[in-house]
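Sequence lines set the chain letters: A, B, ... in the order given, protein chains first and strands last, and positions in each chain run from 1.
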There are 2 protein chains.
Amino acid sequence: MNREDERHLYLRVADQLRERIRSGELREGDRLPSVPGLAADLGISRSTAAEALKVLISEGLAVARSGAGTFVRLPREPQRLIRAWYRATPYGSPFMQDMDRQGREASWAYESESLTAPAEIRDRLSLGEPAGDEEDAVRTHYVFSADGEPVMLSTSWEPLWLTRGTPIVLPEDGMLAGRGVAERMLSIGMPIDDWVEEVGARPGTTEECERLRHAPGAIVVTIQRTYYSGETPVETANIVVPADRFALVYSGRMGRVSGTNKSSAEDGA
Amino acid sequence: MNREDERHLYLRVADQLRERIRSGELREGDRLPSVPGLAADLGISRSTAAEALKVLISEGLAVARSGAGTFVRLPREPQRLIRAWYRATPYGSPFMQDMDRQGREASWAYESESLTAPAEIRDRLSLGEPAGDEEDAVRTHYVFSADGEPVMLSTSWEPLWLTRGTPIVLPEDGMLAGRGVAERMLSIGMPIDDWVEEVGARPGTTEECERLRHAPGAIVVTIQRTYYSGETPVETANIVVPADRFALVYSGRMGRVSGTNKSSAEDGA
DNA sequence: TCGAATTTGTGCGTATGTATC
DNA sequence: GGATACATACGCACAAATTCG
């Protein structure tokens with residue numbers, strides 16, 4: 001199965017351990033052979049044994065606990081978060097819909113504040129230069145939970161010029177609280193037409209991992225989402241989900257202009 | 001500036017080097033001090049000096065080239081890979097289009113083979129149980145490069161029952177070589193209508209990181225893409241991109257059934 | 001073209017600190 | 001407290017890749 005004889009000793013040892021995990025001999029949470037143990041069993045040096053374990057750790061297949069040992073940590077089958085479906089409905093919050101679909105109980109906590117948006121957000125919301133230190137956006141921090149366990153962080157920004165004086169200035173206030181951005185914006189005559197999401201991944205910050213009750217430095221998937229009403233950006237959010245628990249699902253149709261777009265829909269061959 | 005006295009020597013050395021990069025003293029492509037050099041200058045052991053460099057490498061701030069040295073590699077603003085746009089055209093390979101749009105020179109290498117698809121792929125292609133050890137799929141490994149640098153891996157699977165006996169059995173053979181799946185499938189009367197992508201992130205495997213010339217264990221974004229012609233899956237691929245270089249962009253319209261879908265379009269209030 | 005010098009990578013050995021059980 | 005385990009730090013030797021005269 002190996003493409004070559006695998007020149008390096010520590011890689012061969014790593015392969016061997018990986019195989020014992022793959023085969024099911026070593027299971028989630030089991031202790032891997034210790035560094036001195038491996039060294040003695042295989043007649044190799046401790047440094048080399050340690051090197052082999054580091055390979056598995058860097059691949060995310062194991063975690064080391066100082067003083068205790070090195071333990072198998074299998075990647076979980078991730079839950080699917082449906083981010084786009086070509087039959088998507090615009091009502092209710094996407095997160096709620098998803099959890100409903102999977103029969104999990106969704107809940108969330110939030111905290112809103114008006115302030116002057118930072119440069120990156122100004123850009124995404126086309127806010128232009130700040131007028132002195134005037135507050136021009138509402139920021140809301142969300143922590144979403146499924147079955148009581150925190151699973152998603154979101155920081156949402158809405159321009160104040162849009163919502164000032166309307167009943168929906170505060171996202172989680174009034175009749176439409178918890179109904180999602182789309183419905184709220186519709187209520188003030190700004191129906192959301194388009195969305196753009198930019199997806200990336202990075203190690204989570206200490207704060208993010210704490211809030212998600214996650215191991216420090218664990219990988220998170222980040223989404224920068226912006227909603228548009230016509231050409232006007234009406235909301236943007238930075239969303240963070242733990243990568244080992246969630247996969248994002250996008251879906252669409254190819255080769256045709258979708259929906260009734262002003263830029264005339266021709267029929268693809 | 002350091003939050004603590006930083007107990008460990010190799011971390012202090014790493015901090016020092018990182019600072020020299022941050023300050024601009026060391027620039028993109030510059031050679032960092034060599035292991036023996038560092039050891040001599042700072043009066044530390046070679047192993048510790050090497051350890052310090054490994055920290056920078058794992059942070060993606062440097063790359064080592066065996067025999068040559070260790071070089072600064074500054075994080076770039078991530079390139080945007082456009083995965084979905086509601087004005088998308090079905091012709092040409094998506095990767096090529098993207099690189100064109102960004103004025104980068106795209107190239108790729110590939111390797112095709114027919115074999116019996118593994119369980120996970122059978123599932124995605126609706127292949128059912130394997131008939132003995134009969135080959136029933138064509139697998140193609142791709143390495144895509146931009147400006148000579150490998151940036152994306154893809155393993156594509158196509159069911160043999162579809163393409164056997166047609167001019168497009170081998171993806172990179174014949175007239176339509178390099179034109180992308182959509183065009184090839186169209187040529188045998190299977191136009192691609194729908195796509196589904198499942199996006200996740202994890203540490204790269206040793207092999208993936210090698211192929212991408214990336215630090216071992218660096219974070220990769222994974223995409224599982226499946227193309228459908230009607231209800232029939234005609235291709236599926238596992239795509240891997242380094243997370244520190246790319247962000248995926250998805251975009252769409254909200255609240256309407258897109259395109260002319262057979263499953264009857266009702267008009268949302 | 002060849003070889004010498006340099007550099008990273010691997011592998012070995014040892015010792016010490018510190019966390020966990 | 002004692003045994004065990006990982007993490008750091010030191011030392012050395014050699015292989016393989018690269019660079020340059």
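- Note that the first and last nucleotides of DNA chain D, 5' to 3', having any atom under 4.0 angstrom from a heavy atom of chain B are D/dT8 to D/dT19.
- Residues passing the side-chain contact (heavy atoms from CB on, under 4.5 Å) test with B/Pro233, sequence neighbours excluded: B/Leu125, B/Ser126, B/Thr226, B/Tyr228.
- A/Arg80 pairs by the side-chain hydrogen bond (donor to acceptor under 3.5 Å, both in side chains) definition with B/Glu198, not counting sequence neighbours.
- Between the side chains of B/Glu111 and B/Tyr142, not a single donor N or O lies within less than 3.5 Å of an accepting N or O.
- Remark: B/Arg31, B/Ser34, B/Val35, B/Pro36 in residues 31-45 of chain B come within less than 4.0 Å of DNA chain C through at least one heavy atom.
- Every residue was checked against the salt bridge (Lys or Arg N to Asp or Glu O under 4.0 Å) condition with A/Arg31, not counting sequence neighbours, and none meets it.
- Listed by chain and residue number, nothing satisfies the salt bridge (Lys or Arg N to Asp or Glu O under 4.0 Å) test with A/Glu210 (two or more places apart in sequence, or in another chain).
- With sequence neighbours excluded, the residues satisfying side-chain hydrogen bond (donor to acceptor under 3.5 Å, both in side chains) with B/Ser45 are B/Thr48.
- Atom CD in A/Glu51 sits about 8 Å away from atom P in C/dG11, given to the nearest Å.
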Generate the contact string for nucleotides 16-21 of chain C. Rules: B means base contact, S means sugar-phosphate contact only, - means no protein heavy atom under 4.0 Å.
---BBS
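- In this structure, A/Arg46 places its CZ atom 7 Å from P of C/dT14, rounding to the nearest Å.
- In terms of the side-chain contact (heavy atoms from CB on, under 4.5 Å) criterion, residue partners of B/Glu105 (sequence neighbours excluded) are, by chain and number, B/Asp147.
- By the salt bridge (Lys or Arg N to Asp or Glu O under 4.0 Å) test, B/Arg20 pairs with B/Glu25, sequence neighbours left out.
- Residues passing the side-chain hydrogen bond (donor to acceptor under 3.5 Å, both in side chains) test with B/Ser156, sequence neighbours excluded: B/Glu235.
- Residue A/Thr48 places none of its side-chain N or O atoms closer than 4.0 Å to OP1 or OP2 of C/dT10.
- Taking atom CZ of residue B/Phe71 and atom C1' of nucleotide C/dT6, one finds them 12 Å apart after rounding to whole Å.
- In terms of the side-chain hydrogen bond (donor to acceptor under 3.5 Å, both in side chains) criterion, B/Arg245 has no residue partners (sequence neighbours excluded).
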